[in-house]
Chemist: 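Just dropping this structure here.
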Amino acid sequence: MSGGAPHFRFVSRKRRVREDRRLVAGHGRFAADLQLEGALHVALITSDHPAARIVGIDAGAALAMPGVMLVLGGAELAAAVDPLMSGPDVPKVRRYPLAVGEARYAGEWVAAVVAQSRSVAEDARELVRIEYAPLPFNLDPEAAYLTDSRPVHAEHGSNVLLDRAFVWGDVDADFAAARHKLAYRVSWGRSSTVPIETFHITARWDAWAQMLDVWASVQMPKYQDQIARALRIPQHNVRVHYDIDVGGSYGVKRGIKHAVLVGHLSRLLNAPVQLIEDRLENMRGGDMQGPDRLFDVELAFADDGRIRAMKMRALDNCGAYAGRAPFQLGKPIGAIVGPYQINSVAYHAISVTTNKAPQEAVRGFGQAPTNYAIETGIEKVAAALGLDRLEVRRRNFITKDQFPYLIPSGTRYDSGDYHAVVDKVLAAADWPGLIAERDGLRKAGLLAGIGLAACLEPGGGNSSFEPLLNPRIDTTTWMESARIVVDATGTVSVTVHTTSSGQGHDTLAATAVGEVLGIDPDEIRVLRPDSIASLASNSPVGSRMAVMLGGAAFHAAGKLKTQLVAIAAHNLGVAAERLVYDGGTVREIDGARRLGWSELITIAHRQHHRLPPGVEPGLAVSHTYQVPTGGALPTADGRVQMYPTHAFEFHVVLVVIDPDIGKPEIRRYVIGHDCGTMINPDIVDGMTLGGIAHGIGAALLEEFAYDGEGQMIAQSFADYLLPSSHEVPEVKIVHHVTPSPYTVFGQKGSGESGYLGAPAAISSAINDATRQLGIGFHKLPMRLSEIGDAIAGAREEAKPSGKAKRK
Amino acid sequence: MKPVNFDYARPNSVAAACALLAADADARLIAGGQTLIPMLAMRLSRPTLLVDILRVPELNGIREKHSGLEIGATTRHVEVETSALVRKHVPLLARAMPWVGHPAIRARGTIGGSLAHGDPAAEVPLVAVTLGAQILYEDAEGPKSMPINEFYLAPTLTALPAAACLTGVRFAAPVAGRRGCGFHEVSARRSDFAIVAAAAEVVLDPDDICIAVSAGIGGAGDTPVRLHSLAEALVGSKLTDRVLGEAARAAVADLDTADDLHASAAYRKRVAAVLAERALRDARDEAMQASSGRRG
Amino acid sequence: MQVSLHVNGTLHTLEVEPRLSLLDALRQNLRLTGTHAGCEHGVCGACTVLIDGEPSRACLMLAVRADGYAIQTIEAIAPAPGELSVLQDAFCETHGLQCGYCTPGMILAGHVLLKQNSSPTREAVVEAISGNLCRCTGYGQIVDAILLAAERLRAGNAAKTGGRP
């Protein structure tokens, strides 16, 4: 795709998302809706201690209860299954679904009770006696990083899961030569996307078929691979069913410990076993919490605000086990300079173990915290120089004629026009009016601030951060597949080979195929075979499906067209180049002869005597699509193309704070969004609005807070506060389209939009509102009580009769 | 999150309910269930018997009584919210009701349930404390009552005797005059329990002099608190902004406040004064709009 | 214990433990899986059903206490298999959902609002759904759906074309 707006028949047009129809009627097929005959139910016993040796488990009384089948502890489980995979190279950090020998965080699953109903399982678990010998614990990442800190995993010898320093460009020289420098710290609190559906899974081992069927609310690449490996069975003995609706995930529903536990139990008991996490199990021990990160940043910049170089140290508190989460320090490397022309970067990524719950992949895979850190810097540069915050951004933005733009860490940004998006947003927001509104509110005695945030959403996915952060991994394939079948009556079906959690992939696939074949997408059926019958997929992660499923479907449809043209050419006796496919018919470019859809189908399915040599009967094609810019390992100095596409968003927010109360109210919200070609505009808008709501929660309300005893305080929805309709303002979305040159329709990934910039924008607004008081906020979430106390403290200090200290 | 096993009984009268409570120390009453059932689900409450009083006829209803108002324990929040009698006799309660949870909670939850549970941050207990209501209850000996200032002891701990059933709440008629009320709340989200809330009612004479004032703070400490010192400070005075501000700050000065995940003790104390002042001002403004001798 | 529940116009007699929630009774005993469990402590609203026409949390109602009410679940809203109500269709038009997990509760909340108020403001819609949490949509397209349905119902009533709301 080159520049200029392409004209599509179906892509980019308003189209209802077909999945919606059955969901509004209550006819979804969620994992908990399955009630298999004879299914047994699991309840988890969790550790009360943040760290403790498990001395003994006495399940006698529990087992005596009618309806109780089994109580399983970690030692028995570890004897029968292999440890779960970690991302970084830390073989001595072993993780099993149940704690083995030692509980390492409060809420860790220590034993599983299996009974005929969930109620009985919960009754029985109260009778299980577990003896613990408490151990010292630590929740602080800086303390964990010290060499003499007590390792959470003794055999590993330290708390360091990952400690890599990268230098891209001559950072020292750039810092030495710079006119100005500044340094700051920001802290991204531990929150997560917390879907309304917890993790649900049913596994059924069939000893006769030697098959483990799995129905799960999962969003995970290589799910069946990892289940099979842990259970020590061949992968084709694991059948994950993809025709399950997942009730939201946004990254977190990996469920690998759930699956291995339940798979093992089913095999042991020869019965279907169902685990429906309750909310407490989910919050404490579901392993679904997000980045918990301290950023220390230094910037070197010029008089005009142009940033020459950046040093960033990112210290992440990974919790008690590794999993894949430490890679969330790696993916942001692919957009480490944000949308800005920063010449050189030093990046130090550290992931440590503590006695908090383990993390899981959260929407953006580390990009949202990193954007928060970068955008804070831009604001500080502007403040230090007394320059306008918009102007500083404009001066630093990569310009539209610089694409593809190579950033210091080796990624080429595909396309964009950041200045144009900003201009559109300012027009839509009535920028002078907004300033006047803010100033009017200030005159009326309120605190008011305008927040800005500009950031990128890398999309299309890839696994390049894996070999970057773990040299033992040499994966460079991160593919997606689609298969199209045209049956004997000419109806078209396309297959999708993963689960979805509301992203509208059926509609996406049908639209892509319809576009290429010139057929109304609503006449194309979309199917989800199970994992054994499927082609390779890497699931909806990394904002990849528009690019990758779109690409696979596009190319598969292209192959189909080629076959149809070949059939026509053979039957018309002309070269294929003299023919064109046109909405189901193949006709001469210069001439009147044609073969219609029906006839082509009939030839393909029933008339072998009319089929060209080399073309198989029937009409089934497939395509497995590799990441357009992928396929390379990192260089020795840690440069690699991370993801192929880079969407852009620019947020403008007006926040008002009653200084006596301290509660921020978002009065206006405008976002400009450029994700290239939008395959389905309603889906894209939905992602953006939902992402902003997630961002509001992360910025103001949500935190998995721990107390001094190592216990999680926010264990339920009473204390973990999700935004309701009252907390999310009406948002105006402004669109811009700079197509990607690397993708089939020019589309870019857009599944994380809004979330990637909203926390930075809200932080920017609150700091703009309170800057005149000499205070600022650098820690998320920014709770109303902290804001209120800081304002009160500043006013107290400013009183002439008080301590006469003014910042 | 499934509850423990329990038996279930649905008595037809309060006396029968009390008898069931007396026979089993681990029996619990259930009315709307909006508070009790989450506790059952988390196994924080572990009764052997649930005594369902929701449909006991004498417990429901809003009745004028001795020129005050009596509300039966099983009257649902939504009924109180939409009641013309409540608007007329206890306007402060009507003012507070939209802050109670959100529509689905108000559809099922009851006034008695909220009062009996006694969450220090709940709106209904705050209004009852502010107005010096009378708690009506019954045990094996028959109907009794207790002034609300004896009722709340600690967070979710009340002086309701074991084997007693809270049957209703009585709000006395206020002194005659021009009445106004005010209610302010700060919470993390709109439908949450209060981080801190203030309720106030003011009665003025025809010359705008304060005849009576009641105010209370919720969410700040262990129980809702009535600001008793306000009466002394304000009765007989003209309620200027300055007077109200000083009185509110003085009344809150000795308030014990709590520290938790959602707010610091300092925040609660400081904002209690702010909200008290605002509630008083709203009450005064509303009273000044009311015509002489009739309730606004 | 036995209890008779009147659900979507049909009377069912169930044998249940007193501790069984109405939510679990609907899903497990009656196989009505359109009502969803999100938190089981009354906060998220995914379990919303209508009890005598009022939105109520099924996780906070014990099955043994749910007799004597007219209970409606999401399954009662579609006029016939394969057909959608005006409100449901509006949700499809504005894409007022993504994963669909909170959607039944949202639709019931909207359904009740539109019965009480044929011209709700945006604020009224926001208030009506404030007890239903959504993590996918950020609420914008949900509010749009309910406002669109209100508009279509008003137009439909004005044109007297009938059709169930």
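Just so it is clear: chains get the letters A, B, ... in the order the sequence lines come, proteins before strands, and each one is counted from 1.
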Chemist: Quick check for you: to the nearest 0.5 Å, what is the distance between A:Arg279 atom CZ and C:Cys39 atom SG?
Modeler: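 If we round to the nearest 0.5 Å, A:Arg279:CZ and C:Cys39:SG are 7.0 Å apart.
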Chemist: Find the one option among A:Asn282, A:Ile196, A:Val728, A:Val17 whose heavy-atom pairs under 4.5 Å with chain C are most numerous.
Modeler: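 If we count pairs closer than 4.5 Å to chain C, A:Ile196 comes out on top.
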Chemist: For a quick test of reading the model, state the closest non-hydrogen atom pair linking C:Val126 to A:Ser725 and the distance between them.
Modeler: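 For C:Val126 versus A:Ser725, the nearest heavy atoms are O-OG, 2.8 Å.
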Chemist: Contact part of A:Ile683 toward chain C, heavy-atom cut-off under 4.5 Å: side chain, backbone, both or neither?
Modeler: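 Its backbone and side chain both get close to chain C.
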Chemist: Let's test your reading of the structure: which of A:Val194, A:Asp245, A:Thr198, A:Val731 forms the most heavy-atom pairs below 4.5 Å with chain C?
Modeler: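 Heavy-atom pair counts peak at A:Val194.
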Chemist: Nearest heavy-atom pair of A:Phe717 and C:Gly38: which atoms, and what distance?
Modeler: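 That would be CE1-O, 4.4 Å.
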Chemist: List the atom of A:Ala693, the atom of C:Gly138, and the distance in Å for their closest heavy-atom pair.
Modeler: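 In terms of heavy atoms, the two residues are closest at CB-CA, 3.6 Å.
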Chemist: Go through A:Arg21 and C:Gln88 one step at a time and tell me if the side-chain hydrogen bond (donor to acceptor under 3.5 Å, both in side chains) criterion holds.
Modeler: CA-CA 8 Å; A:Arg21 195 173 170 79; C:Gln88 287 170 316; over 6 Å; no
Chemist: So does A:Glu730 pair up with C:Arg122, basic N to acidic O under 4.0 Å?
Modeler: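 Salt bridge: yes.
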Chemist: Looking at A:Glu19, A:Arg118, A:Gln35, which one has more heavy-atom pairs under 4.5 Å with chain C than the rest?
Modeler: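 Option with the greatest count: A:Gln35.
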Chemist: Rounded to the nearest 0.5 Å, how far does CZ of A:Arg22 lie from SG of C:Cys92?
Modeler: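 So the gap between those two atoms works out to 11.0 Å.
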Chemist: Counting heavy-atom pairs closer than 4.5 Å to chain C, which one of A:Ser119, A:Gly248, A:Ser501, A:Ser716 comes out on top?
Modeler: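 Ranked by heavy-atom pairs under 4.5 Å with chain C, first place is A:Ser119.
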Chemist: Looking only at heavy atoms, which two atoms of C:Tyr101 and A:Gly247 are closest? And how far apart?
Modeler: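 Closest approach of C:Tyr101 to A:Gly247, heavy atoms only: CB-CA, 4.0 Å.
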Chemist: Side chains of A:Lys14 and C:Glu93: closer than 4.5 Å at any heavy-atom pair?
Modeler: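 Yes, side chains in contact.
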Chemist: Give a yes or no on whether the backbone of A:Asp682 and the side-chain of C:Gln141 come within a donor-acceptor separation of less than 3.5 Å.
Modeler: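 Indeed, once roles are kept as given, a pair shorter than 3.5 Å links the two residues.
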Chemist: Answer with side chain, backbone, both or neither: which region of A:Ile692 has an atom nearer than 4.5 Å to a non-hydrogen atom of chain C?
Modeler: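 No part of A:Ile692 comes within 4.5 Å of chain C.
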Chemist: Out of C:Gln98, C:Glu17, C:Gln28, which one racks up the most heavy-atom pairs below 4.5 Å with chain A?
Modeler: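 Highest number of heavy-atom pairs under 4.5 Å: C:Gln98.
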Chemist: For the interface with chain A, which of C:Gly42, C:Ala46, C:Ser130, C:Pro104 has the highest count of heavy-atom pairs at distances below 4.5 Å?
Modeler: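 Between C:Gly42, C:Ala46, C:Ser130, C:Pro104, the count favours C:Ser130.
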Chemist: Using a cut-off of under 4.5 Å for heavy-atom pairs, which of C:Leu97, C:Ile142, C:Ile74 has the most such pairs with chain A?
Modeler: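 Looking at each option in turn, the highest pair count goes to C:Leu97.
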Chemist: Is the CD atom of C:Glu15 crowded by more than 12 outside heavy atoms at less than 6.0 Å?
Modeler: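 Yes - once you tally the heavy atoms of other residues, nucleotides and ligands closer than 6.0 Å, there are more than 12.
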Chemist: Would you name the heavy atoms of A:Asp123 and C:Arg19 that are closest together and state the gap between them?
Modeler: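 Nearest pair, atom of A:Asp123 first, then C:Arg19: OD2-NH2, 2.7 Å.
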Chemist: Find the distance between CG (C:Leu133) and CG (A:Leu722) and round it off to the nearest 0.5 Å.
Modeler: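 Taking CG in C:Leu133 and CG in A:Leu722, the distance rounds to 5.5 Å.
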Chemist: Who among C:Thr35, C:Asp89, C:Ile129 has the most heavy-atom pairs with chain A under 4.5 Å?
Modeler: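 It is C:Asp89.
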Chemist: Where the side chain of C:Tyr139 meets the backbone of A:Pro723, is there a donor-acceptor pair that is under 3.5 Å apart?
Modeler: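 Yes: the side chain of C:Tyr139 pairs with the backbone of A:Pro723.
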Chemist: Between C:Ile107 and chain A, which part of the residue has a heavy atom less than 4.5 Å away: side chain, backbone, both or neither?
Modeler: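 It is the side chain, since no backbone atom gets that close.
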Chemist: Would you mind telling me which of C:Cys134, C:Cys99, C:Gly34 has the largest number of heavy-atom pairs within less than 4.5 Å of chain A?
Modeler: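 Most pairs with chain A among the choices: C:Cys99.
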Chemist: Any residues in residues 25-34 of chain A near chain C, with a heavy-atom distance under 4.5 Å, and which are they?
Modeler: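 Residues in range: A:Ala25, A:Gly26, A:Phe30, A:Ala32, A:Asp33.
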Chemist: Select one option (side chain, backbone, both, neither) describing which atoms of A:Met283 are under 4.5 Å from chain C's heavy atoms.
Modeler: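 Contact with chain C is absent: no heavy atom of A:Met283 under 4.5 Å.
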Chemist: Answer yes or no: is there a donor N or O on one side and an acceptor on the other, between the side chain of C:Arg135 and the main chain of A:Thr193, under 3.5 Å?
Modeler: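 Yes, because the side chain of C:Arg135 sits within donor-acceptor range (under 3.5 Å) of the backbone of A:Thr193.
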Chemist: Give a yes or no answer on whether the side chain of A:Arg16 reaches the backbone of C:His95 with a donor-acceptor pair at less than 3.5 Å.
Modeler: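 Not confirmed, A:Arg16 side chain does not pair with C:His95 backbone.
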Chemist: Give the minimum heavy-atom separation between C:Thr103 and A:Leu23, together with the two atoms involved.
Modeler: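 Here C:Thr103 and A:Leu23 meet closest at CG2-O, 4.3 Å.
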Chemist: Flag the one option from C:Glu83, C:Met106, C:Arg27 with the top tally of heavy-atom pairs under 4.5 Å to chain A.
Modeler: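 Heavy-atom pair counts peak at C:Arg27.
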